[in-house]
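Structure first, then comments.
Only heavy atoms go into these numbers, but all of them, side chains included; no hydrogens, no water, no symmetry mates. Chain letters run A, B, ... following the sequence lines, proteins first, then strands; residues in each count from 1. Being a predicted model, the structure only gives us computed values, none of them experimental.
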There are 2 protein chains.
Amino acid sequence: MGVTLKQLAASLGLSPTTVSRALNGFPEVSAATRKRVKEAAIRANYHPNTRAKSLATGRAQAIAHVIPVSTSHEIVNPVFADFIAGAGEVYSHSGFEMVLRIVDDADESQAYRDLVARGTVDGVMVHGPRTHDSRVELLSKLGVPFLVHGRTSSVNAPYSWIDINNQRSFHRATQFLCDFGHRRIALVNGMSDMDFAVRRRNGYLQALEAAGIPPDPVLMRHAEMTEPYGYRTAQELIQLPDPPTAYLASSMIVAYGLRRGLSDLGVTPGRDISIITHDDELSYLPNDGDVPMFTATRSSVREAGKRAAQMLLKLVASPESGPLTELMETSLVLGASTGPAPVRS
Amino acid sequence: MGVTLKQLAASLGLSPTTVSRALNGFPEVSAATRKRVKEAAIRANYHPNTRAKSLATGRAQAIAHVIPVSTSHEIVNPVFADFIAGAGEVYSHSGFEMVLRIVDDADESQAYRDLVARGTVDGVMVHGPRTHDSRVELLSKLGVPFLVHGRTSSVNAPYSWIDINNQRSFHRATQFLCDFGHRRIALVNGMSDMDFAVRRRNGYLQALEAAGIPPDPVLMRHAEMTEPYGYRTAQELIQLPDPPTAYLASSMIVAYGLRRGLSDLGVTPGRDISIITHDDELSYLPNDGDVPMFTATRSSVREAGKRAAQMLLKLVASPESGPLTELMETSLVLGASTGPAPVRS
DNA sequence: GCGCGTATCCAAAGCGGTTTGGAATATCCG
DNA sequence: CGGATATTCCAAACCGCTTTGGATACGCGC
């Protein structure tokens with residue numbers, strides 16, 4: 001319930017026009033007056049009303065992040081938290097607000113329409129794109145600036161996105177394992193309709209092919225990335241007649257599960273078996289130190305959030321600056337979880 | 001970019017007044033007209049502009065969640081994600097927007113002042129209260145409805161909060177371990193300035209005292225709750241001359257770390273040693289099944305988010321409904337990680 | 001001293017809704 | 001049928017800000 005511009009103006013014996021201009025740095029006001037106004041504004045703890053301002057300017061000064069949560073498995077992907085933390089930092093510095101929508105992926109399209117029609121935000125961040133995702137098309141049609149965290153293969157028309165090089169990462173990781181003599185490599189992936197999962201699988205398959213190893217469907221798993229999923233998968237696979245000697249995990253959480261599943265059976269990663277995981281550098285699951293626990297394809301999702309926010313803000317400021325895209329490479333970090341394939345006895 | 005009320009009214013040959021009233025359910029409009037208006041609104045995909053509406057009504061229809069992120073350790077507490085998912089669901093159904101502020105805890109108070117002075121939101125959710133926390137006092141002074149997720153011991157005046165019974169939970173857990181014959185029980189807690197950590201420690205200490213066990217400072221640890229913290233702590237403590245036979249962890253993440261630290265040394269939880277953890281029911285770390293992996297004090301943080309949002313909305317609707325408080329009890333769930341204390345040899 | 005450009009300020013019209021205070025029409029009753 | 005009472009609709013003010021299009025005063029050169 002702060003002071004209004006009108007009140008501030010009255011208390012200074014000036015018009016609202018002049019006060020507004022003084023505060024917003026317009027040239028039509030004398031230096032002396034500007035100083036007087038600015039001081040008074042601080043003294044009165046004046047902050048312009050966001051709604052009035054954006055109604056007048058037509059800019060909402062806000063970005064929406066729409067987080068899909070499927071009612072079926074109710075999983076909140078933990079990478080959202082860190083991504084959003086990164087993005088939020090950027091918004092704060094730019095005077096933008098972040099509005100978050102948790103939305104059932106059934107009525108997702110309605111959420112976007114609504115957001116745009118009501119003029120709540122100037123731009124939209126799209127999370128968790130699937131291989132076939134109608135959102136990109138919808139948002140293009142709606143004509144609102146948007147940026148996708150990830151990509152979707154179903155769309156040919158250009159759009160803005162930021163992504164890590166999933167295919168290359170998993171290609172490298174797989175190749176690394178092959179070079180170590182592994183020939184039975186399991187892929188413990190995320191949900192199969194997620195775009196990142198498909199790209200990672202492609203990288204994996206290509207590397208296998210290059211190494212002359214025929215892929216085995218039994219070794220390729222897809223599911224929501226929980227810790228127990230890793231655990232269960234490790235124990236199932238290890239009991240195969242021809243078990244894998246190496247595992248490729250799509251997230252640290254899954255990798256932890258794998259590790260636990262294996263070590264509960266007396267199998268030690270790095271010695272008996274190899275694990276490589278993708279590491280988003282989540283703050284509470286650091287995989288660092290002199291020798292990180294896991295060999296990993298590493299890329300900070302928090303950093304991605306920062307970049308994404310910067311890109312989207314640029315897009316909002318000048319939509320004509322065209323589709324912006326950024327493909328971030330990951331680094332392959334050597335940790336303690338990999339080693340040469342055990343020699344067949 | 002949607003249709004405006006004025007345009008819609010013109011297309012119907014009515015005044016904006018009538019259209020507004022028809023859509024908002026006021027009685028001064030005939031049933032026939034209302035029907036005609038509503039249909040036209042749907043056909044034209046009309047959604048009232050949020051900013052204009054809230055400027056006119058004085059209500060922002062939005063709630064702020066302020067997430068403190070200390071620049072020093074940059075940890076994003078993973079419970080935020082699930083809490084927010086729960087709250088967001090409620091807001092969606094009530095037509096409220098959720099605005100998220102990621103804020104360096106240094107300039108936190110400025111964030112609150114700003115949010116209120118600009119009239120961006122109608123209410124504020126306070127996350128991560130510390131034992132001594134000036135935010136409650138600040139927000140009371142600012143006169144904005146707010147609700148704290150957790151409590152702060154430094155404030156005597158009444159305020160609204162929702163919390164789990166941390167003290168009782170850890171009292172019960174400790175007592176349970178004592179009943180099993182454990183006398184060396186480690187507490188692997190969160191940061192010592194967090195209010196929840198203090199309450200848990202109090203519960204722990206009281207139970208020890210009741211059991212006639214003198215507390216040992218060496219067994220009481222405080223730090224940011226990461227997995228490696230659990231790992232490190234487990235390995236440090238196990239090497240003491242008089243090592244603990246049981247561990248009490250403040251989060252699943254820490255418990256995973258403990259487990260890994262112990263099993264790497266060949267110590268098996270549930271047989272050689274006991275672990276009880278608090279379980280927030282994070283979606284990607286489920287601790288369920290016939291026999292959950294960890295014995296735990298369980299309480300869904302997502303459910304807490306829902307309740308919290310409902311309470312805050314009630315507070316916004318009628319501030320005079322006074323401070324609202326809710327203390328949620330946890331359930332002590334028996335899992336595979338506990339057992340009787342090993343007999344001294 | 002006059003005309004002109006410039007510096008400084010202001011009145012008023014939006015932005016897109018809601019809401020107050022009528023006005024016009026329909027309904028009712030004696 | 002006339003006047004009182006509902007019913008139904010509308011014009012205009014307002015929410016708090018920005019911004020266009022002047023108005024006023026000042027300094028300057030001639």
Checklist entry - Short question: side chain of A:Asn24, backbone of A:Ser20 - any donor-acceptor pair under 3.5 Å? => result yes
Next on the checklist: If I take atom CG in residue A:Leu5 and atom C1' in nucleotide D:dC14, what distance separates them, rounded to the nearest angstrom?
Outcome noted: 16 Å
Next on the checklist: Check this for me, if you would: do A:Lys306 and A:Glu326 make a salt bridge, where the nitrogen-to-carboxylate-oxygen distance has to be below 4.0 angstrom?
Outcome noted: no
Checklist entry - Counting any heavy atom closer than 4.0 Å, what does A:Ser20 reach on the DNA or RNA strands: base, sugar-phosphate only, or nothing? => result base
Checklist entry - Among D:dC10, D:dT19, C:dG16, which is the nearest nucleotide to the side chain of B:Ser15? => result D:dC10
Checklist entry - When you measure from the side chain of B:Glu28, which nucleotide among D:dT19, C:dG16, D:dT8 comes out closest? => result D:dT8
Checklist entry - Rounded to the Å, how far apart are A:Leu8 CG and D:dC17 C1'? => result 13 Å
Checklist entry - Between D:dG16 atom P and A:Leu23 atom CG, what is the distance in whole Å? => result 17 Å
Checklist entry - Between B:Arg101 and B:Asp114, does at least one N-O distance fall below 4.0 Å, as a salt bridge requires? => result yes
Checklist entry - Is any side-chain N or O of B:Arg21 under 3.5 Å from a base N or O of C:dT20, one able to act as donor and the other as acceptor? => result yes
Item to check | Euclidean distance, atom CZ of residue A:Arg34 to atom C1' of C:dA7 [Å, nearest integer] | outcome: 13 Å
Checklist entry - Between D:dT8 atom C1' and B:Arg36 atom CZ, what is the distance in whole Å? => result 13 Å
Checklist entry - Parallel, tilted or perpendicular for B:Tyr159 and B:Phe146, by the 30°/60° rule? => result parallel
Checklist entry - Can you check whether B:Thr57 has a side-chain N or O nearer than 4.0 Å to OP1 or OP2 of C:dT19? => result no
Checklist entry - Quick one: does A:Thr17 reach the base of D:dT19 with a side-chain donor-acceptor pair under 3.5 Å? => result yes
Checklist entry - Hey, can you pull the residues of residues 46-54 of chain B with a non-hydrogen atom under 4.0 angstrom from DNA chain C? => result B:Tyr46, B:Pro48, B:Asn49, B:Ala52, B:Lys53
Next on the checklist: Any salt bridge linking B:Arg59 with B:Asp122? Criterion: basic side-chain nitrogen under 4.0 Å from a carboxylate oxygen.
Outcome noted: no
Checklist entry - Which whole-number value in Å describes the distance from A:Leu55 CG to D:dT18 P? => result 11 Å
Item to check | Spacing between A:Leu12 atom CG and C:dT8 atom C1', to the nearest angstrom | outcome: 16 Å
Next on the checklist: Measure CG/B:Asn24 against P/C:dG16 and give the value in whole Å, please.
Outcome noted: 17 Å
Checklist entry - Does atom CD of B:Gln61 have more than 12 heavy-atom neighbours from other groups under 6.0 Å away? => result yes
Checklist entry - When you measure from the side chain of A:Arg34 to the backbone N and O of A:Ala22, does any donor-acceptor pair fall under 3.5 Å? => result yes
Checklist entry - Out of C:dG14, C:dT8, C:dT18, which nucleotide sits closest to the side chain of A:Ala56? => result C:dG14
